[in-house]
Trainee: 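Structure below; questions to follow.
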There are 2 protein chains.
Amino acid sequence: MEDGTAERIRPRDRILETARDMFHKHGIKGVGVDAITEAAGTNKMTLYRHFESKDDLVIECLRATACSANAMWQKFEAEHPGDKLAQLHAWVRMAADCLMTDGRGCDMANAAIELSETDHPARRVIKELKQAQRDRLVGLCRDAGIGQAELLADTLSLLLEGARVSLQSVGAEGPSAQFVRMAEGLITSFRGASAR
Amino acid sequence: MEDGTAERIRPRDRILETARDMFHKHGIKGVGVDAITEAAGTNKMTLYRHFESKDDLVIECLRATACSANAMWQKFEAEHPGDKLAQLHAWVRMAADCLMTDGRGCDMANAAIELSETDHPARRVIKELKQAQRDRLVGLCRDAGIGQAELLADTLSLLLEGARVSLQSVGAEGPSAQFVRMAEGLITSFRGASAR
DNA sequence: TCTAGAAGTTACAGACCGGTAACACCCTAG
DNA sequence: CTAGGGTGTTACCGGTCTGTAACTTCTAGA
């Protein structure tokens, strides 16, 4: 039987998962394909049989990251079905957890900074995936009954993005330590404004 | 005469200025020392006579960037002597200008993301310079008579940092377009709270 | 058991990287 | 005019990088 749930993971998936982890930790230009394949317990030829190039692998990793993010959104909906405001608070909590446990920032943002070539193929993907996340947060704010939903969503986006990068430059004791207080304060402030 | 204001700029300064520009545009790992020296109209040997290593050059570039930032702070004080609140608004305006005209983000933040090695010599410098900027903004907020000065300063910091990275991932039409509105709204909100 | 395709292995090409050595040059201070 | 320091030039080292070729081994499906 072809057996979809093979006990030993397919090399392609092992490479993808390993590459995601290593790109996240050391950056894209900071890790070579040799290191990835070795860590994945395979070899370079196998990588190039499954991915056209390193850039292609990078793009596939970013798509996988977006997929994980989608799973989180579904978890919010599952844990607080219908309660959009609770989902928004869950988003803040998730973001804070991510800040405290992770250390390195958003893979897409990091990639956008690292791949400075304006015509890099990954840039299209980053832009559309980030746009999708933004739309999702705007929708959540709107459904939570907040008046200026776009403005709140954009403010929260920038705060999180800023906290993730500040974490890497000034460290955990820097401004990013106040993220939850800022975010919650903003939400109550916007809720008050829309209920006036 | 040794003539401090030599009409032809010293090679060291040419290298430093060129490296700053190229690191800013293409990232640190995205440009080699050969490219820098060629663009600076000199050669690799001269670079290594003035800088111990590429890492040393990077650090010197970051210090120069911090120096430019200091000049901006002095400009704020010169244009609005004593009026700390006006200086705070000038800071917002400067940040917005920077967002619209520049495209690439903060050199220190970009470097922190790119140089993921936790023991990289540049990380110390980045942290202390970023910390200094933070202290400066906190002081400005406090002197402007804002109650929760640290919280406002940290929020503004994260907003700007987030706007700069968002600009690179989602583009100019993304959340960063609302930076001024967010920042000004925060300032009035914090002013109202401290004057209650 | 046989076979086809996936995966592993080794070696290599070609380019770029940071950094150094040896030597020729120029320009200015004395 | 001359001596010396800053600069330019060329060549090179050892390493790493992405990507490929040719060949062998393994494994799953019939």
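So you know, we letter chains A, B, ... as the sequences are listed, proteins then strands, and number each from 1.
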Trainee: Side-chain donor or acceptor of B:K54 under 3.5 Å from a matching atom on the base of C:dG19?
Mentor: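 Check fails, no donor-acceptor contact within cut-off.
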Trainee: A:T42 side chain N/O closer than 4.0 Å to the phosphate oxygens (OP1, OP2) of C:dG8?
Mentor: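 Checking A:T42 against C:dG8: at least one side-chain N or O falls below 4.0 Å of OP1 or OP2.
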Trainee: Atom CD of B:E52 to atom C1' of C:dG18: distance rounded to whole Å?
Mentor: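 Roughly 14 Å, once rounded to whole Å.
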Trainee: State which residues pass side chain to side chain donor-acceptor pair (under 3.5 Å) with B:D21; sequence neighbours excluded, sorted by chain then number.
Mentor: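 Once residues adjacent in sequence are excluded, the partners of B:D21 under the side chain to side chain donor-acceptor pair (under 3.5 Å) criterion are B:K25.
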Trainee: Quick one: is C:dA6 close enough that its OP1 or OP2 comes under 4.0 Å of any side-chain N or O from A:H50?
Mentor: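 Answer no for this pair, as no side-chain N or O of A:H50 is under 4.0 Å from OP1 or OP2.
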Trainee: With the side chain of A:R14 defined as its heavy atoms from C-beta on, choose the nearest nucleotide among C:dT9, D:dT18, C:dG8.
Mentor: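 Of C:dT9, D:dT18, C:dG8, C:dG8 is nearest to the side chain of A:R14.
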Trainee: So, does the side chain of B:R49 form a donor-acceptor pair with the base of D:dG5 at under 3.5 Å?
Mentor: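 Under the 3.5 Å cut-off, the side chain and the base do not form any donor-acceptor pair.
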Trainee: From OH of B:Y48 over to C1' of D:dG8, roughly how many Å is that when rounded to an integer?
Mentor: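 Going from B:Y48 (OH) to D:dG8 (C1'), I get 17 Å.
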Trainee: Taking A:E150 first and then A:R142, would you say they form a salt bridge - that is, a charged N and a carboxylate O separated by under 4.0 Å?
Mentor: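 Between A:R142 and A:E150 there is a salt bridge, with a charged N closer than 4.0 Å to a carboxylate O.
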Trainee: Mind listing the side-chain donor-acceptor pairs of residues 89-97 of chain A below 3.5 Å, one per line with the distance, residues two or more places apart or on another chain?
Mentor:
| residue | atom | partner | partner atom | Å |
| --- | --- | --- | --- | --- |
| A:H89 | ND1 | A:L85 | O | 3.1 |
| A:H89 | NE2 | A:E184 | OE1 | 3.0 |

Trainee: Of all the choices, D:dT18, D:dT7, C:dA21, which nucleotide is nearest to the side chain of B:P11 once you look at every atom?
Mentor: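 The nucleotide sitting nearest to the side chain is D:dT7.
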Trainee: Atom CZ of B:F51 to atom P of C:dG18: distance rounded to whole Å?
Mentor: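 Taking atom P of C:dG18 as the reference, CZ of B:F51 is at 15 Å.
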Trainee: Salt bridge check, A:R63 against A:E128: does any charged N sit closer than 4.0 Å to a carboxylate O?
Mentor: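 So A:E128 pairs with A:R63 through a salt bridge.
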